[in-house]
Amino acid sequence: MLAMRIHKSGRPLSADNVPVPMPAAGEVQVKVLACGVCRTDLHIADGDLPLLTAPITPGHEIVGRVTALGAGPVSLRVGQRVGIPWLGKACGHCDYCRIDRENLCDTPIFTGYSRDGGYAEYAVADAAYCIPLPEIYGDAEMAPLLCAGLIGYRAYRRAGDGKRLGLIGFGAAAHILCQLARADGRDIFAVTRPGDTEGQVFARSLGAIWTGGSNETPPEQLDAAIIFAPSGSLVPLALRWVRKGGTVVCAGIHMSDIPSFPYQNLWGEREIVSIANLTREDGSVFMERAARTRIETRVVTYPLAEANAALEHLREGRIQGAAVLIPQ
């Protein structure tokens with residue numbers, strides 16, 4: 001089968017012909033129908049995140065159909081459509097797993113990072129960590145919900161219940177979250193790169209009441225701000241934009257260094273928090289919400305063999321919404 005693999009950081013992915021993976025006990029084999037291209041994949045390919053093993057097949061927004069079951073009891077069935085997210089497995093016995101915080105597991109397995117992911121025609125996954133998917137979404141439109149949607153929703157819940165919400169970096173995650181927040185009656189203030197008029201038009205089309213570049217100041221103080229862009233310089237800005245008691249949520253797995261800033265910007269019980277990975281409960285809660293609130297994901301599809309082009313377009317900021325790979 002075709003697999004687009006990383007052999008060395010900073011190099012293009014290689015189109016490799018590899019054996020179809022077979023499921024071990026407790027696992028399922030999945031025929032990949034679609035796989036989203038996440039900024040985390042870009043961080044792995046570029047070396048912002050160190051390679052844990054090489055070669056590795058990236059991709060953790062996998063929509064697939066179960067084609068084979070491993071030995072032992074498995075809750076899924078052949079033919080079932082499932083999603084395979086970033087958290088591939090947690091140990092189940094460390095301090096964090098014992099208190100239902102498996103997203104902070106000490107020895108996790110990550111799909112597309114410590115085990116092969118979905119930039120391939122087939123993948124295997126631990127059945128207990130696969131997510132049954134609502135049927136109201138097509139394969140390509142479903143794929144971004146498996147990371148951009150899940151991580152965005154975890155960040156959203158951490159941001160609190162305030163009415164005025166800033167979304168900083170209006171890409172795959174923000175365009176999903178904007179729709180959910182508007183359905184909840186929140187006012188969205190969308191922040192893009194300076195001069196990104198196309199991105200600002202996109203944000204307004206999804207219900208943002210104000211849009212501007214990171215060199216502009218929102219017209220009202222925010223109750224919370226979620227930063228999706230990987231630039232640490234945005235943290236001091238966001239602190240200035242949120243009211244006393246407000247929260248700045250850093251939602252990415254990688255961010256450049258945060259520059260120093262006056263304590264006065266943090267004072268007033270403002271908070272800076274980060275979001276790390278996700279839990280299986282996040283997956284079930286979010287998919288229930290996605291089944292009730294129809295989310296329109298804007299996707300640009302690429303053949304699997306063009307994964308390098310998709311990553312390059314993401315790197316250049318040329319994608320409105322999310323990129324999705326489709327095996328041929």
Side-chain angles (χ1 to χ4, degrees), residues 2-4 13 28 30-45 57-67 76 80-88 110-113 115-125 129-154 171-180 206 228 251 253 277-278 282-284 286-291 293-311 313-314 318-328:
L2 173 64
M4 300 297 295
L13 275 61
V28 292
V30 169
K31 179 175 175 57
V32 178
L33 304 174
C35 184
V37 179
C38 179
R39 186 163 291 277
T40 299
D41 302 336
L42 190 60
H43 290 317
I44 297 168
T57 305
H60 56 272
E61 296 179 331
I62 306 170
V63 177
R65 204 163 291 281
V66 177
T67 47
L76 305 175
Q80 185 173 2
R81 193 176 74 144
V82 297
I84 304 174
W86 171 249
L87 183 64
F110 294 127
T111 307
Y113 189 32
R115 76 177 300 170
D116 285 331
Y119 285 24
E121 295 177 280
Y122 287 86
V124 296
Y129 289 80
C130 293
I131 304 172
L133 302 177
E135 293 296 338
I136 63 172
Y137 296 94
D139 299 329
E141 63 178 343
M142 184 76 242
L145 299 182
L146 286 160
C147 185
L150 283 170
I151 291 296
Y153 193 62
R154 186 175 179 87
H175 97 284
I176 292 168
L177 186 52
C178 181
Q179 297 174 65
L180 286 178
L206 296 176
F228 293 109
I253 192 173
N277 312 315
L278 53 100
D282 290 329
S284 60
F286 176 69
M287 289 305 166
E288 288 173 7
R289 177 65 194 275
T293 305
R294 187 64 166 82
I295 302 166
E296 185 178 334
T297 55
R298 181 176 294 187
V299 300
V300 181
T301 60
Y302 297 78
L304 173 61
E306 295 181 15
N308 285 309
L311 288 169
H313 294 167
L314 178 61
R318 292 168 53 185
I319 297 171
Q320 293 295 330
V324 176
L325 301 178
I326 307 293
Q328 300 300 297

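By the 30° and 60° cut-offs, the orientation of the rings of F110 relative to W86 is parallel.
Residues satisfying the ring pair (Phe, Tyr, Trp, His ring centres under 6.0 Å) criterion with Y302, sequence neighbours excluded, are H313. When the side-chain contact (heavy atoms from CB on, under 4.5 Å) test is applied to R115, the partners found at least two apart in sequence or on another chain are E27, I109, V124.
Shown here for E61 and A148, the closest heavy-atom pair between the two residues is OE2-N, 3.2 Å. Closest non-hydrogen pair, V37 versus A310, comes out as CG2-CB, 4.1 Å. Here the closest heavy-atom approach between residue D139 and residue A34 is recorded as O-CB, 3.7 Å. Across all their heavy atoms, P144 and I176 have their closest contact at O-CD1, 3.9 Å. Closest approach of A140 to V299, counting heavy atoms only: O-CG1, 3.7 Å. Contact record, Q328 with E121: O-OE2, 4.1 Å, taken as the closest heavy-atom pair.
With a 4.5 Å cut-off on side-chain heavy atoms, F286 and L145 count as touching. Between P327 and L2, the closest side-chain pair of non-hydrogen atoms is not below 4.5 Å. For the pair Q179 and T293, the minimum side-chain heavy-atom distance is 4.5 Å or more. Considering only heavy atoms from C-beta on, L206 comes within 4.5 Å of C178 through its side chain. A 4.5 Å side-chain heavy-atom check between R289 and I295 finds every atom pair outside the cut-off. Residues I84 and L146 form no side-chain contact, since every pair of their non-hydrogen atoms from C-beta on lies 4.5 Å or further apart. A heavy-atom distance below 4.5 Å is not found between the side chains of M287 and P132.
Note that CG of D41 and CG of L325 are 8.5 Å apart. Values are rounded to the nearest 0.5 Å. Remark: L33 CG to M142 CE distance equals 12.0 Å, nearest 0.5 Å. In this structure, CG in L314 is found 5.0 Å from CD1 in I319, a value given to the nearest 0.5 Å. The distance from atom OG1 of T297 to atom NE2 of H175, rounded to the nearest 0.5 Å, is 5.5 Å. To the nearest 0.5 angstrom, T57 atom OG1 is 10.0 Å from M4 atom CE. The distance from atom CZ of R81 to atom NZ of K31, rounded to the nearest 0.5 Å, is 15.0 Å.
Between the side chain of R39 and the backbone N or O of A172, no donor-acceptor pair lies under 3.5 Å. Side-chain N or O atoms of E306 include none that pairs as donor or acceptor with a backbone N or O of P303 at under 3.5 Å.
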**OP:** Kindly determine whether Y113 and I253 satisfy side-chain contact (heavy atoms from CB on, under 4.5 Å), including the steps that lead there.
**Re:** CA-CA 12 Å; Y113 189 32; I253 192 173; 5.6 Å; no
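Screening C35, C130, C147 for a side chain to side chain contact (heavy atoms under 4.5 Å, CB included) with I62, the sole residue that qualifies is C35.
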